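Treat the numbers as computed from the prediction; the structure is a model and nothing was measured. Residue numbers begin at 1 in each chain, while the letters A, B, ... track the order of the sequences.
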2 protein chains.
Amino acid sequence: MSVITVLLVDDHLVVRSGLRALLGTQPDMAVVAEAASGEEALQRLEHDAVAVVVMDLAMGAGMDGIEAIRLIRERNHSQAILVFTTYDSDADIVRAVDAGAMGYLLKDAAPDEIFAAIRGAVQGKSVMSAPVASRLFQQLRNPDEILTPREAELLSLLTQGLSNRELGKRLFISEATVKTHLAHIYAKLGVDTRAAAIATAIRREGMR
Amino acid sequence: MSVITVLLVDDHLVVRSGLRALLGTQPDMAVVAEAASGEEALQRLEHDAVAVVVMDLAMGAGMDGIEAIRLIRERNHSQAILVFTTYDSDADIVRAVDAGAMGYLLKDAAPDEIFAAIRGAVQGKSVMSAPVASRLFQQLRNPDEILTPREAELLSLLTQGLSNRELGKRLFISEATVKTHLAHIYAKLGVDTRAAAIATAIRREGMR
DNA sequence: AGCCGTATCAGCCAAAAGGGTGAGAGACGG
DNA sequence: CCGTCTCTCACCCTTTTGGCTGATACGGCT
């Protein structure tokens with residue numbers, strides 16, 4: 001039985017220590033490197049060959065986890081990437097998977113779940129926490145509720161508190177078009193005011 | 001030199017493990033108990049005497065950290081309570097301190113900072129992370145920006161996306177009064193639309 | 001007693017947002 | 001080639017919101 005080598009990427013030292021301690025209980029796993037940021041993770045991968053990268057999405061300043069995943073994939077590193085994060089926002093899940101993540105775990109996952117996900121990842125299996133899976137499932141089941149790229153862009157600006165006029169200027173479109181997009185967004189989110197849309201977006205999508 | 005006994009309260013197993021590992025490196029500290037929820041923390045305190053409680057604020061379902069702090073204080077437990085959490089929202093800091101927390105640390109704090117905070121806490125010293133302290137300071141410096149209880153209540157409902165009419169019904173006041181409160185809130189937050197107020201509130205106060 | 005902060009309400013007016021309909025231009029896939 | 005999606009824009013009309021001014025009432029502090 002070969003040992004699964006792991007790179008831990010998380011900006012919180014305590015989380016890295018905890019994960020290291022946890023994985024240390026498994027004879028077939030070994031944490032061979034740690035990184036506190038996306039940049040550092042890429043560096044580590046240049047030197048240390050690992051089988052699995054376990055990565056947090058939110059990482060303070062600098063590049064976020066999604067970006068890091070994309071870059072690792074681009075550079076043709078062959079590691080399996082597992083997302084290990086606190087919040088399960090719809091947008092993050094989709095973006096992470098689509099950036100090339102093999103699995104998506106929540107930080108309150110049971111140890112066994114984490115071990116299983118890591119073992120599965122090296123075998124090319126995709127593993128996710130139950131709540132995560134159900135969210136993904138729901139997205140696939142209701143394609144009508146998926147925002148178009150333009151709508152998502154607008155919604156993101158909306159959550160910053162911009163007015164229709166400002167949105168128009170920012171996106172180089174007329175106020176009329178802004179209103180059209182907003183109407184579509186409201187319909188998809190199931191709300192009927194911008195206030196509710198902002199509330200829903202921030203809470204659902206983790207648009208902080 | 002006596003050993004400082006610690007109770008760890010965090011719903012994430014990895015965080016508890018990490019903290020345990022971290023504190024294990026210090027000869028004068030010993031983690032003697034762990035709890036994954038506020039309820040469990042109270043139970044533990046009935047049986048195990050500890051000098052310091054290190055507690056996360058966000059804890060999935062059930063009682064939140066603030067509530068747990070309040071209850072521990074009410075029951076006259078004499079432990080020093082240290083908040084150890086990810087986000088530094090203005091509201092959380094104020095509420096935690098006012099519920100009886102001795103210190104407020106962010107999860108990305110350096111190990112030395114954590115050790116110092118724990119040692120300080122048992123001596124009755126109050127220690128906080130630099131970003132936390134600066135936020136508190138700013139609140140004290142600008143008393144004009146502190147919302148009244150009623151305004152805070154309204155803002156909290158506002159972030160749920162309610163209209164003026166709905167706010168009025170919910171708070172048993174007229175729409176006119178709602179508008180007055182809103183005008184004051186906007187002035188204090190430095191915005192001029194409800195959308196911006198919601199965005200600011202959710203990002204600043206952590207009103208998730 | 002007088003002052004101040006807080007909470008309550010009213011009326012007026014201008015600006016912004018929301019709802020509905022219709023429509024043209026590209027892109028993409030069947 | 002046609003249908004569907006997406007993005008774009010316009011017009012009309014109603015509702016909501018925001019800005020302003022002013023007023024009453026209660027509690028606490030000096």
List, with names and distances, any nitrogen or oxygen atoms from the protein found under 3.5 Å away from nitrogen or oxygen atoms belonging to nucleotides 8-17 of chain C.
residue	atom	partner	partner atom	Å
C/dT8	OP1	B/R150	NE	3.2
C/dT8	OP1	B/R150	NH2	2.8
C/dT8	OP2	B/R150	NE	3.1
C/dT8	OP2	B/H181	NE2	2.7
C/dC9	OP2	B/S174	N	2.6
C/dC9	OP2	B/T177	OG1	2.9
C/dC9	O5'	B/T177	OG1	3.4
C/dC9	N4	B/T180	OG1	3.0
C/dA16	OP2	A/R165	NH2	3.1
C/dA17	OP2	A/N164	N	3.2

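Put simply, the side chain of A/R194 never gets that close to the backbone of A/L182: no donor and acceptor are under 3.5 Å apart.
Sorted by first and then second residue, the side-chain hydrogen bond (donor to acceptor under 3.5 Å, both in side chains) pairs involving residues 108-118 of chain A (not counting sequence neighbours) form an empty list.
Contact check on B/R150 versus B/E153 returns a salt bridge, with a Lys/Arg side-chain nitrogen under 4.0 Å from an Asp/Glu carboxylate oxygen. Ion pairing of B/E40 with B/R44 is present here, as a side-chain N (NZ or NE/NH1/NH2) and a carboxylate O approach within less than 4.0 Å. One finds a salt bridge joining B/K107 and B/D56 here, because a Lys/Arg side-chain nitrogen approaches an Asp/Glu carboxylate oxygen to under 4.0 Å.
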Please walk me through it: do A/I66 and A/L57 pass side chain to side chain contact (heavy atoms under 4.5 Å, CB included)?
CA-CA 6 Å; A/I66 305 276; A/L57 283 189; 4.1 Å; yes
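With hydrogens and angles left out, the side-chain atoms of A/S174 and A/T177 include a donor and acceptor closer than 3.5 Å.
Where DNA chain D meets chain A (any atom under 4.0 Å from a heavy atom), the bounding nucleotides read 5' to 3' are D/dT6 to D/dA10.
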